[in-house]
Amino acid sequence: MFFGIQAPASVEHFSAFLIALVIALMLSFLLGYLISLIAFWFLTHFALDWTLGGLMLIFSGSFLPLWFFPDSWAAVASALPFQFLGFIPAAIYMGYIPASELVPTLLAGLAWIGGLIIVVQWLWWRAVRRLVVQGG
């Protein structure tokens, strides 16, 4: 029924995995919201959405796990938030991230959330000031 799904590496890893899933959901929302806010200044957001989708596919580890990347690409991937959308939760679940690195890894994801919230709030207030509503 479960097609060979393995149990998490440990209870600690499973707890961290659940937290990583929440981080992934929040980052996914914030990145989409950021693109939508940037699109406020353009007629269409197709190119922005397409670009975000491509970046997410490559740097989230969905297309190819990040440990297969050459060192230069791995450095870029580790500097971006996309790894928290797929690679980090999967690596935590499978136990590839040691228990000693779980807290720093999750804190990095929370830092990305905090940074994106600041950027999104700033863009939101810029968009509100730009908005002109006419009519009755």
Side-chain angles (χ1 to χ4, degrees):
M1 180 172 159
F2 292 106
F3 302 105
I5 294 177
Q6 297 178 355
S10 69
V11 173
E12 186 177 31
H13 279 87
F14 184 68
S15 300
F17 167 73
L18 293 177
I19 295 169
L21 282 181
V22 172
I23 290 171
L25 288 171
M26 292 177 73
L27 281 174
S28 179
F29 170 77
L30 287 168
L31 289 168
Y33 188 39
L34 178 66
I35 293 299
S36 297
L37 283 172
I38 292 171
F40 187 80
W41 282 270
F42 300 100
L43 293 176
T44 180
H45 66 86
F46 172 76
L48 295 170
D49 208 22
W50 184 83
T51 302
L52 178 65
L55 289 171
M56 286 171 55
L57 179 69
I58 299 296
F59 291 113
S60 70
S62 300
F63 181 70
L64 185 68
L66 299 184
W67 54 68
F68 289 131
F69 282 19
D71 291 337
S72 58
W73 280 72
V76 171
S78 66
L80 297 173
F82 304 117
Q83 65 181 339
F84 291 97
L85 300 178
F87 177 76
I88 295 293
I92 288 173
Y93 186 88
M94 293 184 294
Y96 289 126
I97 296 179
S100 62
E101 293 181 26
L102 290 177
V103 171
T105 301
L106 295 175
L107 287 176
L110 292 174
W112 272 108
I113 288 172
L116 284 173
I117 286 173
I118 290 168
V119 171
V120 162
Q121 286 294 325
W122 179 74
L123 277 176
W124 171 257
W125 290 117
R126 298 258 332 222
V128 166
R129 279 190 253 135
R130 178 181 159 88
L131 180 65
V132 176
V133 178
Q134 296 179 357

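FYI, side chains are in, hydrogens and waters are out, and symmetry mates aren't considered; it's all heavy atoms of this structure. These numbers were taken from a predicted model, which means no experiment stands behind them.
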| query | Are L80 and L107 connected in a single hydrophobic cluster, I mean Ile/Leu/Val/Met/Phe/Trp/Tyr linked by side-chain heavy atoms less than 4.5 Å apart? | reply | yes
| field | Shared hydrophobic cluster for L18 and L102 (ILVMFWY, side-chain gaps under 4.5 Å) | value | yes
| query | In terms of ring plane angle, is the pair F82 and F59 parallel, tilted or perpendicular, where the classes change at 30° and 60°? | reply | parallel
| field | Single-linkage hydrophobic cluster, 4.5 Å side-chain cutoff, Y93 and V11 together | value | no
| message | Measuring from atom CG of L106 to atom CZ of F17, what distance do you get when rounded to the nearest 0.5 angstrom? | response | 12.0 Å
| field | CH2 on W50 to CD1 on I35, rounded to 0.5 Å | value | 13.0 Å
| field | Spacing of CH2 belonging to W73 relative to CD1 belonging to I58, to within rounding of 0.5 Å | value | 6.5 Å
| field | hydrophobic_cluster_shared for I117 and L37, side chain cutoff 4.5 Å | value | yes
| task | Give the minimum heavy-atom separation between A74 and F69, together with the two atoms involved. | result | N-CB, 3.9 Å
| Check: A24 main-chain N/O paired with S28 side-chain donor or acceptor under 3.5 Å | no
| remark: Closest heavy-atom pair, L85 versus S60, reported as atoms and distance to 0.1 Å, is CB-CB, 4.2 Å
| said: Restricting to ring pair (Phe, Tyr, Trp, His ring centres under 6.0 Å), what partner residues turn up for W67, sequence neighbours left out? | reply: F87, Y96
| Heavy atoms from other residues, nucleotides or ligands near CZ of F63 exceed 12 (cutoff 6.0 Å) | no
| query | For F42 and I38, which heavy atoms make the closest approach, and how far apart are they? | reply | CD1-O, 3.3 Å
| said: I need the minimum non-hydrogen distance between P81 and L27, along with the two atoms involved. | reply: O-CD1, 4.0 Å
| request: List in chain and number order the residues that pass ring pair (Phe, Tyr, Trp, His ring centres under 6.0 Å) with F29, two or more places apart in sequence or in another chain; answer none if no residue qualifies. | output: Y33
| Validation row: R126, W41 side chains within 4.5 angstrom (heavy atoms) | yes
| field | Atom of Q83, atom of A77 and distance for their closest heavy-atom approach | value | CD-O, 3.9 Å
| message | Please tell me whether I113 and I118 are part of a single hydrophobic cluster in this structure, the criterion being side-chain heavy atoms less than 4.5 Å apart. | response | no
| query | Can you tell me how far CD1 of I23 sits from CG of L30, rounded to the nearest 0.5 angstrom? | reply | 12.0 Å
| request: First locate atom NE2 of H45, then atom CG of L52, and finally report the distance between them rounded to the nearest 0.5 Å. | output: 11.0 Å
| query | Where is the tightest heavy-atom contact between I97 and H13, given as atom of each residue plus distance? | reply | O-NE2, 2.8 Å
| query | When rounded to the nearest 0.5 angstrom, what is the spacing between CG in L64 and CG in L57? | reply | 10.0 Å
